[in-house]
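Written below as structure tokens is the structure these notes are about.
In each ligand, atom 1 is the first atom listed, and ligand 1 is the first ligand listed. Basis for what follows: all heavy atoms, side chains included, without hydrogens, waters or symmetry-related copies.
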Amino acid sequence: MAKTYIFGHKSPDTDTITSSLVMANLEKALGNADAVACRLGGLNKETEYVLNYFDIEAPELIDDVEDDAQVILVDHNSPSESVDNLENAKILKVVDHHKLALETSYPLFYRAEPVGCTETVLFKLYKENGVEVTKEIASLMLSAIISDTLLLKSPTTTEDDVEAVKELAEIAEIDYESYGLEMLKAGTDLSDFSIEEILDLDAKQIDFGDVKSIVNQVNTASIPDVLEMQEDLEDGIQKIIDDEDLDIFMLLITDIVNSNSEVLVLGSQASLVEVAYDVTLEDNHALLEGVVSRKKQVVPIMTETASKL
Ligand code: MN
Ligand code: MN
């Protein structure tokens, strides 16, 4: 049988990486022996911590897929975030928790739920199919839910995520609160990264209507530590704005301990942030009280504000 490539989005995060592994395991359990977990980019520090902690090998790195390749998408469905040559591949399945951004000319298995993490959906799929959630699989699922929901504190968190974390922590035999904080902190270590890498780590191109935008997010235990790099960050951001012809670039610097974000904004439409959040940018940045979720607390409000231009 032909290989089935399973992967999450570019600039992979912990959910994307673990979901490709967990989905590949599910596919194999369901009889698809040629399912291969893949990834579209380097591991971030948090994901590295997770895989090292549980001694699990990273998915295979790929850049593109061949024509007519069979693929399964996890933790994304937008072609712009997906593998190169997706338009010539055959998408067999999607398991996701993002808004629908995909159109195909053929039917496919599509499972998306408005929950905090793809792994919460995968946990349900394991149960529905009677597939055993081993200690290793539970550890991966648990790590991703903690990552995507910032230890169940993000407003994207649903009852299903909370329930899943409790059940998975028991299977994995992990004190999820202490493990989770260590894991999140590991992800805030930016010391090995260049400015260009930091600005690419979790960058998402999300246009607010006609306003061409990139929203990037970095987690930290100390906002001032990140702002020490402000001058270099701004140089890097300005270069991306020029290269990509963007109207606005937002860097959310998210304090994982206090659940706030400082936003650093550049671009001709930077003032949209001031209108959207009723804040004043000082030296290009402002505190967004209680904002930790790009998906729930940035994209909708920025899109709405841009629509009133
Ligand atoms: Mn993701
Ligand atoms: Mn996710």
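Between Lys45 and Asp189 a salt bridge is recorded (basic side-chain N to carboxylate O distance below 4.0 Å). Between Glu113 and Lys124 there is a salt bridge, since at least one side-chain N of the basic residue sits less than 4.0 Å from a carboxylate O of the acidic one. A salt bridge links Lys239 to Asp243: one of the charged nitrogens lies within less than 4.0 Å of a carboxylate oxygen.
Backbone or side-chain N, O or S atoms of Asp148 do not reach the Mn ion (ligand 1) at under 2.8 Å. The Mn ion (ligand 2) lies under 2.8 Å from an N, O or S atom belonging to His97. At a threshold of 2.8 Å, the Mn ion (ligand 2) has a backbone or side-chain N, O or S atom of Asp75 nearer than that distance. Among the backbone and side-chain atoms of Asp15, none of the N, O or S atoms lies under 2.8 Å from the Mn ion (ligand 1). The Mn ion (ligand 1) has no N, O or S atom of His76 inside 2.8 Å of it.
Checked against the Mn ion (ligand 1), the N, O or S atom of His9 at the shortest distance is NE2. When distances from the Mn ion (ligand 1) to the N, O or S atoms of Asp13 are compared, OD2 comes out shortest.
Considering CD1 of Ile248 and CG of Leu272, their distance stands at 5.5 Å, rounded to 0.5 Å.
Of the possible polar contacts, one joining the Glu119 side chain to the Ser19 backbone as a donor-acceptor pair under 3.5 Å is found.
The cationic atom of Lys93 (NZ for Lys, CZ for Arg) does not lie both less than 6.0 Å from the six-membered ring centre of Tyr110 and within 45° of the ring axis.
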